[in-house]
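Counting convention: from 1, in listed order, for ligands and their atoms alike. Keep in mind the model is a prediction, meaning the values are calculated, not measured.
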Amino acid sequence: MTKIPVWMDCDTGTDDAVAIMLAHKLPELEILGISAVCGNTIQDNAYWNTHRINALMGTDYPVYRGAEKPMVIPLVTAAYVHGENGLGDVELPLPEGVAEQKESAWDALYACARAHPGELRLVPTGPLTNIAIAFTKYPDLPKLLHSITLMGGSAGPGNITPAAEFNIYADPQAADIVFRCGAPIVMCGLDVTTQAYFEMEDLDELAASGKSAGTFVKAILMHSYAVLAKYGVKGFCMHDSCPVMYLAHPELFEGEEAGVVVETRGSFTSGKTITDLYSDKQFPFTNALVILKVDREKFIALLKDAIQSI
Ligand code: BDR
Ligand code: CA
């Protein structure tokens with residue numbers, strides 16, 4: 001089987017960590033590189049957390065450092081959900097003798113896209129700062145990509161504000177560049193990712209498997225338990241696993257083509273993704289497939305299998 005080449009760009013992050021595990025275990029996919037961006041936590045944490053996940057999985061995917069701050073606005077993190085260290089304040093030891101890459105996230109991504117013209121699937125699961133920097137530095141990059149399948153945005157309400165989803169809110173200027181870039185975009189926003197949740201029984205099952213990855217996943221997600229309960233959120237949303245799963249199993253998802261733009265200035269709406277899905281298709285363009293539904297049972301079964309097999 002020819003595997004689908006994937007580049008992940010993560011603000012690793014509890015659900016980013018799970019998404020990396022899923023991408024590693026899905027037989028349809030091959031990770032070619034992972035870049036780290038600030039978002040859920042500072043970039044240095046995201047970078048080392050990605051190395052920690054590599055070590056937990058027994059892999060050596062190359063990890064690249066990316067942006068330490070958003071393009072224009074000040075840094076916003078999500079320690080209240082992901083813990084101060086990004087991994088629910090669970091201490092996973094730093095692996096020894098890690099091979100550190102000297103190239104930046106944007107240079108490495110560009111080199112990889114040039115080596116696989118028209119093939120590389122870009123999977124951003126954090127704020128889009130690294131990607132926008134790469135597109136600004138290398139204007140031919142969007143055309144070299146097969147597509148961008150991202151976690152971000154919402155056709156409905158937000159999570160960090162009533163209007164905006166976190167990844168877009170954390171760097172709206174970068175998201176604006178990405179949504180205008182011309183590459184095919186699959187948007188896995190809150191519309192679908194809030195359907196892709198673990199229940200407590202799923203976490204108990206993972207932990208009971210006795211495997212270190214299962215125990216670890218339950219432990220890192222428990223940090224957000226109190227926060228989720230406070231906001232009345234159903235289950236533990238595996239937001240970032242959605243774009244990964246979509247690449248290997250698009251048949252589990254349903255979506256609609258739409259025009260999507262990003263609000264970069266509004267005092268109440270900054271970071272909102274505005275789509276013409278629910279209006280009368282007024283935008284004179286379609287630039288994204290907006291994913292709206294997932295078969296939760298099949299999604300969770302595949303995700304649990306992946307984690308349990310590490
Ligand atoms: C997104 O924000 C982050 O907190 C998660 O990792 C996910 O990428 C959900 O809004
Ligand atoms: Ca993320």
### Query
Per the side chain to side chain contact (heavy atoms under 4.5 Å, CB included) rule, which among Asn130, Val37, Thr125 passes with Cys10?
Thr125
### Task
Just to the nearest 10 degrees, tell me the angle at the Ca ion (ligand 2) spanned by Asp16 OD1 and Thr125 O.
130°
### Message
Under a 3.5 Å cutoff, is there a donor and acceptor pairing between the side chains of Tyr197 and Asp202?
### Response
no
### Nearest-0.5 Å distance, CG of residue Asp16 to OG1 of residue Thr41
10.5 Å
Name the atoms and distances for all side-chain donor-acceptor pairs under 3.5 Å in residues 244-253, with sequence neighbours left out.
from, atom 1, to, atom 2, distance (Å)
His249, ND1, Glu251, OE2, 2.8

### Query
Looking at side-chain heavy atoms only, is the closest gap between Phe283 and Ile274 below 4.5 Å?
yes
### Task
Could you tell me whether Asp171 and Lys69 have a side-chain N and a carboxylate O separated by less than 4.0 Å?
no
Nitrogen or oxygen contacts under 3.5 Å, ligand 1 side and protein side:
from, atom 1, to, atom 2, distance (Å)
ligand 1, 4 (O), Asn40, OD1, 2.7
ligand 1, 4 (O), His82, NE2, 2.8
ligand 1, 6 (O), Asp15, OD1, 2.5
ligand 1, 6 (O), Asp15, OD2, 3.4
ligand 1, 6 (O), Asp16, OD1, 3.1
ligand 1, 6 (O), Asn40, ND2, 3.0
ligand 1, 6 (O), Asp240, OD2, 3.1
ligand 1, 8 (O), Thr125, O, 3.0
ligand 1, 8 (O), Asn167, ND2, 3.0
ligand 1, 8 (O), Asp240, OD1, 2.6
ligand 1, 8 (O), Asp240, OD2, 3.1
ligand 1, 10 (O), Asn159, ND2, 2.8
ligand 1, 10 (O), Glu165, OE2, 2.4

### Query
Would you call the rings of Tyr61 and His24 parallel, tilted or perpendicular if under 30° counts as parallel and over 60° as perpendicular?
perpendicular
### Summary
the Ca ion (ligand 2) has as its nearest N, O or S atom from Asp240 the atom OD2
### Task
Looking only at N, O or S atoms, find the one in Asp11 nearest to the Ca ion (ligand 2) and name it.
OD1
